[in-house]
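Read through the structure below, which is laid out as structure tokens, and then see the notes.
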Number of protein chains: 2
Amino acid sequence: MPDKANSLTIGGLAKAANVHVETIRYYQRRRLVPEPERPPGGIRRYGPADIERLMFVKTAQQLGFSLVEISDLLQLEDGAHCQEASALAEHKLRDVREKIDQLGRIEKVLGEMVEQCHAHPDNITCPLIASLHEGGNGGNDQRERT
Amino acid sequence: MPDKANSLTIGGLAKAANVHVETIRYYQRRRLVPEPERPPGGIRRYGPADIERLMFVKTAQQLGFSLVEISDLLQLEDGAHCQEASALAEHKLRDVREKIDQLGRIEKVLGEMVEQCHAHPDNITCPLIASLHEGGNGGNDQRERT
DNA sequence: ATTACTTCCGTAGTCAGCTACGGAGTCAAG
DNA sequence: CTTGACTCCGTAGCTGACTACGGAAGTAAT
């Protein structure tokens with residue numbers, strides 16, 4: 001595993017990945033990110049790979065994954081045995097596709113709403129809730145109300 | 001907004017929406033879901049619209065929205081004035097599209113991984129982290145890849 | 001080699017989002 | 001008209017994910 005230039009201290013890493021130092025330590029305790037060797041009586045150093053990993057954790061969180069789930073995903077990144085890995089990957093893939101699907105429905109309805117608002121600026125409602133269980137149908141329902 | 005048959009007690013509603021009774025009460029306190037009138041010295045009744053609303057909250061949570069954000073989204077559902085509503089909708093639309101984009105990248109890499117595993121079942125790693133900033137879209141975030 | 005800033009590490013506190021508890025009231029069934 | 005399940009309501013406790021605190025020790029610039 002190549003670290004090009006592990007030159008950052010934990011403070012620099014935190015700045016680079018846009019998280020707090022204490023968050024990094026917390027993730028180290030949780031084994032979400034590796035804790036590099038401490039040179040005898042010295043200070044740990046970090047590199048670009050650590051920045052990436054932290055940013056991945058943050059992004060995955062925004063997508064609704066818990067730290068436990070993220071740790072699963074990172075096991076795939078880190079290389080696991082194929083059998084278990086592929087089972088996990090397939091499971092996560094279903095999760096991800098469902099999320100994409102639901103977000104797609106929300107996107108559609110929000111988009112329609114914005115258009116409607118531009119078209120005639122009255123009061124308007126947005127059938128967001130209904131969007132989530134509209135069957136695979138791509139039906140264009142544009143219900144409006146004043 | 002017509003409720004066809006508001007016949008459920010809070011317990012039935014909880015079962016129907018697959019949440020705990022106490023969660024419903026909590027959401028009522030937070031004004032995420034309405035608290036129906038209590039008939040003098042009686043018990044509140046709920047209908048299908050309440051089930052839908054609860055399920056929407058749960059789904060949105062799994063997609064990474066906080067309860068505050070969900071309450072914003074529900075304001076759109078409930079009908080707000082066009083000007084503010086459309087600003088909010090546009091903002092949320094950007095959020096949603098970004099989430100879809102990121103999930104799409106993760107999906108792609110997970111999918112590839114599953115295939116690879118089926119192809120030759122050795123140890124394998126999955127460039128999940130890198131997937132999130134693979135160019136091709138969105139534009140303004142760059143970091144050179146090796 | 002003194003000063004000012006970090007790092008390190010452990011423990012404790014915070015905030016969001018529930019979840020449990022307890023006592024009084026309601027209601028359908030027997 | 002009692003029993004047992006459930007509702008109502010307030011308050012307290014819990015879990016996940018941080019965030020803050022404090023003291024010793026490392027490090028960089030003067």
Regarding Arg25(A), tell me which of base, sugar-phosphate or nothing describes its non-hydrogen contacts under 4.0 Å with the strands shown.
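Touches a base.
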Would you please confirm or rule out a distance under 4.0 Å between OP1 or OP2 of [N] and any side-chain N or O of [X]?
{"X": "Tyr26(A)", "N": "dG16(D)", "answer": "no"}
{"X": "Arg38(A)", "N": "dC8(C)", "answer": "no"}
{"X": "Arg44(B)", "N": "dT7(D)", "answer": "no"}
{"X": "Thr23(A)", "N": "dT19(D)", "answer": "yes"}
{"X": "Thr9(B)", "N": "dT7(D)", "answer": "yes"}
{"X": "Tyr27(B)", "N": "dC18(C)", "answer": "yes"}
{"X": "Gln28(B)", "N": "dC8(D)", "answer": "no"}

In whole angstroms, how far is the [atom2] atom of [N] from the [atom1] atom of [X]?
{"X": "Lys15(B)", "N": "dA5(D)", "atom1": "NZ", "atom2": "C1'", "value": "11 Å"}
{"X": "Ile70(A)", "N": "dC18(D)", "atom1": "CD1", "atom2": "P", "value": "8 Å"}
{"X": "Lys58(A)", "N": "dG16(D)", "atom1": "NZ", "atom2": "C1'", "value": "12 Å"}
{"X": "Gln62(A)", "N": "dA17(D)", "atom1": "CD", "atom2": "P", "value": "14 Å"}
{"X": "Asn18(A)", "N": "dT19(D)", "atom1": "CG", "atom2": "C1'", "value": "16 Å"}
{"X": "Arg45(B)", "N": "dC8(D)", "atom1": "CZ", "atom2": "C1'", "value": "14 Å"}
{"X": "Glu35(A)", "N": "dC8(C)", "atom1": "CD", "atom2": "P", "value": "8 Å"}
{"X": "Arg29(B)", "N": "dT19(C)", "atom1": "CZ", "atom2": "P", "value": "12 Å"}

Starting from the 5' end of DNA chain C, give me the residue, Val57(B) or Pro40(B), whose nearest nucleotide shows up first.
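Closest to the 5' end, via its nearest nucleotide, is Val57(B).
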Identify, between His20(B) and Tyr46(A), the residue whose nearest nucleotide on DNA chain C lies closer to the 5' end.
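The residue whose closest nucleotide sits nearer the 5' end is Tyr46(A).
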Nearest-nucleotide pick for [X], side chain only, options being [options]:
{"X": "Gln61(B)", "options": "dT19(D), dC18(C), dG10(D)", "answer": "dC18(C)"}
{"X": "Leu67(A)", "options": "dC18(D), dA20(C), dT7(D)", "answer": "dC18(D)"}
{"X": "Arg30(B)", "options": "dA17(D), dG17(C), dT27(D)", "answer": "dG17(C)"}

Under the salt bridge (charged side-chain N to carboxylate O under 4.0 Å, His left out) rule, what pairs show up with a residue in residues 53-71 of chain B, not counting sequence neighbours?
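Salt bridge (charged side-chain N to carboxylate O under 4.0 Å, His left out) check on residues 53-71 of chain B returns Arg53(B)-Asp78(B), Glu69(B)-Lys92(B).
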Find out whether Tyr27(A) and Leu54(A) are in side-chain contact, i.e. whether some heavy atom of one side chain is under 4.5 Å from a heavy atom of the other.
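A side-chain contact exists here, since the closest heavy-atom pair is under 4.5 Å.
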Assign each of Ile10(B) and Gly42(A) to its nearest nucleotide of DNA chain D by heavy atoms, then name whichever residue's nucleotide is nearer the 5' end.
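That would be Ile10(B).
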Determine whether more than 12 heavy atoms belonging to other residues, nucleotides or ligands lie under 6.0 Å from atom CD of Gln61(A).
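Enclosed: over 12 neighbouring heavy atoms sit under 6.0 Å from CD of Gln61(A).
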Can you tell me if CD on Glu112(B) sees more than 12 non-hydrogen neighbours from other groups inside 6.0 Å?
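Yes, because the 6.0 Å sphere around CD of Glu112(B) holds more than 12 heavy atoms from other groups.
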Donor-acceptor pair, distance only, cut-off 3.5 Å: does the side chain of Ser71(B) make one with the backbone of Leu67(B)?
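The answer is no, because no donor-acceptor pair under 3.5 Å joins these two groups.
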Asp101(A) and Arg105(A) ion-paired at < 4.0 Å:
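Answer for the salt bridge query: yes.
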